[in-house]
Q: 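Pasting a structure here, questions to come.
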Amino acid sequence: MVAYSFAPQFADQVASLTKRQTVRADRKRHARPGEPVQLYAGMRTRQCRKLVDIDPICLDVRAIKVTLAEIDDPSTNFAPFVSQIQIDDTWLYDGQIEAFAVADGFDPQGLSDGLASRRMAHFWARHHGMEDFYGVVIRWEPSNHAG
């Protein structure tokens, strides 16, 4: 069984199962399709808590590439945007990128442009830099049984 930890901004969405995917860097072992996944906030801290009582089941693990770019925005010093997402051999564009960002927990509420992908780009640049990111997207669904 594999465990994943989430930043505080995503914890409620994971706990309510409105966020059912995560993008992660490659590592020795990720969840496998059909396997339960344990979802936590604050792993390796005293505030660690399990977000979903009955472990969800991994649907799939797919290769992902995320590419950011910057736009010339005189109102800010830094305006990244998600220019491309590739999942396996499929490229996502515009509306598909926006839908992916929403599914990944980037709520567009309160943004002047209303774009979840813009919020995703700022988060991504802060945590991963502007370089292309290669990793996996892991999706899960609620378990249909206890235990």
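Everything numeric here is computed off the predicted structure, so don't read it as measured data.
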Q: When you compare the side chain of F81 with that of E70, does any pair of heavy atoms fall below 4.5 Å?
A: no
Q: Is K19 reaching over with its side chain to a backbone N or O of D104, donor-acceptor style, under 3.5 angstrom?
A: yes
Q: Under a single-linkage definition using a 4.5 Å side-chain heavy-atom cutoff for Ile, Leu, Val, Met, Phe, Trp and Tyr, are V137 and L17 assigned to the same hydrophobic cluster?
A: yes
Q: Can you establish whether the number of heavy atoms outside D88 located under 6.0 Å from its atom CG is more than 12?
A: yes
Q: Within a strict 4.5 Å, meaning less than it, do heavy atoms of the M1 and D55 side chains meet?
A: yes
Q: Check A103 against Q21 and note the closest heavy-atom contact, atom names and distance.
A: O-CG, 3.7 Å
Q: Is S83 reaching over with its side chain to a backbone N or O of T67, donor-acceptor style, under 3.5 angstrom?
A: yes
Q: Just wondering, do P142 and I54 contact through their side chains at under 4.5 Å, heavy atoms?
A: no
Q: Name all residues meeting the side chain to side chain contact (heavy atoms under 4.5 Å, CB included) criterion together with V102; count only those two or more places apart in sequence or in a different chain, and write none if there are none.
A: E98, P108, A116
Q: Are F123 and F10 close enough that their ring centres sit under 6.0 Å apart?
A: yes
Q: Keeping the roles fixed (side chain from H30, backbone from A25), state whether a donor-acceptor pair exists under 3.5 Å.
A: yes
Q: Could you check I57, T22, V52, L59 and say which one makes a side-chain contact (heavy atoms from CB on, under 4.5 Å) with W140?
A: T22
Q: Might you point out which heavy atoms bring A31 and V37 nearest each other, and give the distance in Å?
A: CB-CG1, 3.3 Å
Q: How is the hydrophobic cluster of M43 composed, in terms of its other members, when Ile, Leu, Val, Met, Phe, Trp and Tyr link through side-chain heavy atoms under 4.5 Å apart, directly or indirectly?
A: Y40
Q: With sequence neighbours left out, what residues match R49 under side chain to side chain contact (heavy atoms under 4.5 Å, CB included)?
A: A11, D12, A41, L51
Q: In terms of relative ring orientation, are F133 and W124 parallel, tilted or perpendicular, with 30° and 60° separating the classes?
A: perpendicular
Q: Which is it for V82 and I85 under the side chain to side chain contact (heavy atoms under 4.5 Å, CB included) test, yes or no, and what are the steps along the way?
A: CA-CA 7 Å; V82 179; I85 294 178; 3.6 Å; yes
Q: Regarding R62 and the six-membered ring of F100, is the cationic atom NZ or CZ under 6.0 Å from the ring centre and inside 45° of its axis?
A: no
Q: For the CZ atom of R44 and the OG atom of S5, what is their distance to the nearest 0.5 Å?
A: 8.0 Å
Q: Tell me if a side-chain donor or acceptor on Q13 pairs with a main-chain N or O of G105 at a distance below 3.5 Å.
A: yes
Q: For D107, is there any backbone N or O sitting under 3.5 Å from a side-chain donor or acceptor partner on R119?
A: yes
Q: Please round to the nearest 0.5 Å and tell me the distance separating atom NE2 of H122 and atom CZ of R126.
A: 8.5 Å
Q: May I ask you to test the I64-Y134 pair for a side-chain heavy-atom distance under 4.5 Å?
A: no
Q: Test side chain to side chain contact (heavy atoms under 4.5 Å, CB included) on D53 and K50 and set out the steps.
A: CA-CA 7 Å; D53 290 332; K50 192 170 183 189; 5.6 Å; no
Q: Decide yes or no for M130 and P80: does some side-chain heavy atom of the first lie under 4.5 Å from some side-chain heavy atom of the second?
A: yes
Q: For L68 and G129, which heavy atoms make the closest approach, and how far apart are they?
A: CD1-O, 3.8 Å
Q: Test side chain to side chain contact (heavy atoms under 4.5 Å, CB included) on Q84 and L92; report intermediate values, then the result.
A: CA-CA 7 Å; Q84 295 177 332; L92 306 185; over 6 Å; no
Q: Tell me, with the steps shown, if R29 and V2 meet side chain to side chain contact (heavy atoms under 4.5 Å, CB included).
A: CA-CA 8 Å; R29 167 119 155 67; V2 177; 3.6 Å; yes
